[in-house]
Each structure stands twice: as C-alpha cells, then as structure tokens.
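Structure first, commentary second.
The figures that follow rest on heavy atoms only: side chains count, while hydrogens, waters and symmetry mates do not. Here is how names work: the chains are called A, B, and so on, in the same order as the sequence lines, proteins then strands, and each is numbered from 1.
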There are 2 protein chains.
Amino acid sequence: MEADNSRTEEYLESIYKLQEEQHPVSTSRLAEHLKLQAPSVSEMVKKLAGKGLVFHSEKGVCLTDEGKSLAKKVIRRHRLSERLLTDVLGFKWDEVHDEACRLEHAISPEMEDRIAESLGNPKTCPHGHPIPDRDGKLIKEKVKPLSELKAREKGIIVNVFEEDPKMLKYLASLGLMPDVCVKVEEVAPFGGPLIVCVAGSRYALGREVASKIKVK
Amino acid sequence: MEADNSRTEEYLESIYKLQEEQHPVSTSRLAEHLKLQAPSVSEMVKKLAGKGLVFHSEKGVCLTDEGKSLAKKVIRRHRLSERLLTDVLGFKWDEVHDEACRLEHAISPEMEDRIAESLGNPKTCPHGHPIPDRDGKLIKEKVKPLSELKAREKGIIVNVFEEDPKMLKYLASLGLMPDVCVKVEEVAPFGGPLIVCVAGSRYALGREVASKIKVK
DNA sequence: TCATAAAATTAGGCATGCCTAATACAATAT
DNA sequence: ATATTGTATTAGGCATGCCTAATTTTATGA
Ligand SMILES: [Mn+2]
Ligand SMILES: [Mn+2]
Ligand SMILES: [Mn+2]
Ligand SMILES: [Mn+2]
C-alpha cells in the first residue's frame, strides 16, 4: 500500500527551515512552528530518528543526509507550487503558503519536473527562497538581515523569511519584495525602528520585521 | 484543527461514479473500486451514513443530497486538475488520473476557481466527462456505448469511462478520444469484436472496451 | 549549592481508517 | 424446504499521529 508521508514531510521541512536560523533545532521550537504540542513532537522525532531521517541529541534535532535530501525534495515541491500559484494562476504572494503546503505532498516527481519546465526552471519562490534542483542542489546567496544595516546603507532584498499572510500583505503594500532596493535612512537606538526608503517612499519598520527581510 | 477529509472524499467520489452505472452501489463493488477489503468499506459506509452523507439500505449505498453535493465538488476538483495537467503542464490523458486523485484533496475553493478561470472554464475533463460548475450543476449529454451501435452506424465520441492508463494509452493510439467520429463497419456475432473505422483506419475492438466508449 | 523555572519526555488516551478471521444474512439451485 | 454460494457485517487488532497530565531533566540565578 502507498504510504502517506505527509506528516514526515512536514516535520522534515520544518526542521530544515528552522535549522537555517539556529542549528540543532529544539523540539519546542519545532512544536511551535508545526503548531503542535511538545509531546507530539517528542514522539514523532523519535520515530523519525528510528527511520534514520534525523539525529536527536541533547542539543536538539539535526537532519541526517537522508533527511536533508528528503526535506529538500519537499521544499522544491513547495516552492515550485508557489510559483505555479503566482505565475500561472494569479495568486498573490501572501495567498500561496497554505495552498502550497498541501500541494507539496500531492505532487509526483513527474509533475514537479513539468511545473519546473513550464515555468522555465525558476530559481526562487515568490518570497525569494532558492528552489533546489532535482538533485537537491541549491544556491544560497550570502545575505544579512535588513535590521543589521547601518544608517545610510542600502541593500537589495533577496528574500523574506516570513510565512504569515498578514505580514506578507503588509510588506507587499510597502513594496518590500525580492529584488527591490531598500535604503536605511536612520536606525532608532535601543532596538527601536528603522526608517527605510523604498521606491522613493519612507517607512518606519520594526526591528523584528526588518530582521526577517534579508538583503545583499 | 483542520480535518483531513480525503478518505471521505474518495468514498463519495467512488460512490458517485459507480452509481452512474447502477444505482444503489453495493459495498463489494465499492470495495473493489477503492481497492479496499469489504469490511473496511462496511465500516466506513456506516460512518458516512452517520454523517448524513449516504443512505444505506439493503439494496446498497446511495448518496444523500449533501453527499452528492460534496461528491460533485470533489469531482470538479478532480476534472479541473486533469485539465490543468494536460492543458498547462503537458501530460497525456493516460497520465493524469492518479495525480488528479491526489490533487483533488489538496485544492482550495479559491484554487479551484483560479484553475477554471485560467483555462477558460472548460466544460469537460480530458476524458470527456463534464466538469460540474461551482454550484454543482453539470450537463450530462445523452450518450450510448459504442458497443450498442449497429453495423454502418456512426457516432461522435463524447467520453471514455475508463481510468486504466494502459487502456487509455491504447485508445489514444487508435485515435479514440472525445470529439472523434467513429463508424462501426461490422459487428461480429456472439459478443465478438466490432470493426470500427476511425480517421480512415480500421480496427477490431472488443465489446468490453467498446462499452466504455460513449458516443452520441 | 539549592530552589525555581523552563524544556523535554513518559504515561495513558483517543480518533481514524485499515486489516484478517469469523459469523450472519441472502439468494439460488436442488 | 434445504443445502450451497456469495455478499455483508461483526469482532478483534494494528499503525499513525495527535492530545493532556504527570514526571523527569536541564538550566538559571539567588
Ligand atoms: Mn505541507
Ligand atoms: Mn516561499
Ligand atoms: Mn483522490
Ligand atoms: Mn477524467
């Protein structure tokens, strides 16, 4: 019988994303991201470890090579789905996450390839994250959070590390999207907001938000 | 929490399709179509009845209005998915069933509408079956099986009641697809094959196969 | 070092949906 | 009417993945 891997895929995908922030991923962070209770995650992580997909130490959870490879496949399907949704079906970037989160588990390798081909092998998802190629290779650009720029510095937005639709809609309304040039006008002290200039307009941006926007 | 309706959807979809052949659907027929054991179906049917989606009498299983409405929604998503796969992604008609069978459970009403819109509101799936509209309305053409045509009669293929990829591939290789005109040259006696003429070529077709091809 | 707080796991359950084996129910044919 | 045959259900299990409550482990800070 055909196994349903969607929960496994969901976990691996979350672990992959979270480890980009901080390496061994804590089960509590994972639970929060997956919107599950901690014991559920504890248990599932144990099963994933048993299948050789993750390594679980006192520090937290790491993906094994096999787990990483599977995670990248899921992420490829997720990001290709997002592109299909925006480029072909006309969705906005804030509307695609949940849809893609379901599609990613339903797409065969053939469909994955056909989407990539039909769209001209896109390099990134609508949020600027790289789409792994069929063999799991992906190019990570060297970036830093917008929040780390100093006054008068500017950067080009590479990607936005955010999934919340409301936040994405807000950012789009300010024109804060990949490939856009942002200039930091001022940085308020004591963790205060940044004053940024985008396409001729000025906005005050909280540090929290600015840290999600990665620039080069 | 978000319920996973995919099994319910699968059952309702199967019941809907099977009842087009013979009205109250037997649990054994349903089990066969779903590739499950009979007791699994017995049990699930009981649950569906409990939810008011089917009515279960001695004769077999029937959809309630609510069940029928839900079934048509799933079928709409299935057929729209098939069209997306063939028209946008370049799949062949024999490659789309399984893929669509997974996609149909992952597609939101918004995506469903977007697909329909992007494709110019197609009326049928690649196999010629009608796509219900958003309100569940669908136009069934009056058709008869090709196997019921007499010698020298001709008809235009409306749809093909078949899901098996090998059979579909075979039919496509003979040019037996919706909108194609077929002429029955001869009908061999005693349930023997039909000799048909399609686009200038002659083929012998088994009765079984011919009964799946519906013409007008 | 010892108390307290935070993080993680264990224990015990539950819902869903599948299975096999056994049993009950129908329809036929003798 | 009764034996046979096929259809359907009941009984009893199992796997998966989630939950709450209780407990254990680890970290922190007085
Ligand atoms: Mn997902
Ligand atoms: Mn994305
Ligand atoms: Mn399906
Ligand atoms: Mn079809």
Please round to the nearest 0.5 Å and tell me the distance separating atom CG of Asp87(A) and atom CD of Glu82(A).
11.0 Å

Is the number of heavy atoms from other residues, nucleotides or ligands under 6.0 Å of Glu21(A) CD greater than 12?
yes

In this structure, are over 12 heavy atoms from other groups packed under 6.0 Å from Asp135(A) atom CG?
yes

So, His127(A) and Glu163(A): side-chain donor and acceptor under 3.5 Å apart, yes or no?
no

Just checking, is any N or O donor in the side chain of Ser108(B) or Glu99(A) under 3.5 Å from an acceptor N or O on the other one?
yes

Candidates Arg76(A), Lys73(A), Arg134(A) - the one meeting side-chain hydrogen bond (donor to acceptor under 3.5 Å, both in side chains) with Glu112(A)
Arg76(A)

Chain B contact limits on DNA chain D, taken 5' to 3' with a cut-off of 4.0 angstrom to heavy atoms:
dA8(D) to dT10(D)

Can you tell me how far apart OH (Tyr203(B)) and CG (Leu174(B)) are? Round to the nearest 0.5 Å.
5.5 Å

Heavy atom of residues 20-44 of chain B under 4.0 Å from DNA chain C: which residues?
Leu36(B), Gln37(B), Pro39(B), Ser40(B), Glu43(B), Met44(B)

Is the distance between the ring centroids of His97(B) and His78(B) less than 6.0 Å?
yes

Using whole Å, what does the distance between atom P of nucleotide dT9(C) and atom NZ of Lys46(A) come to?
8 Å

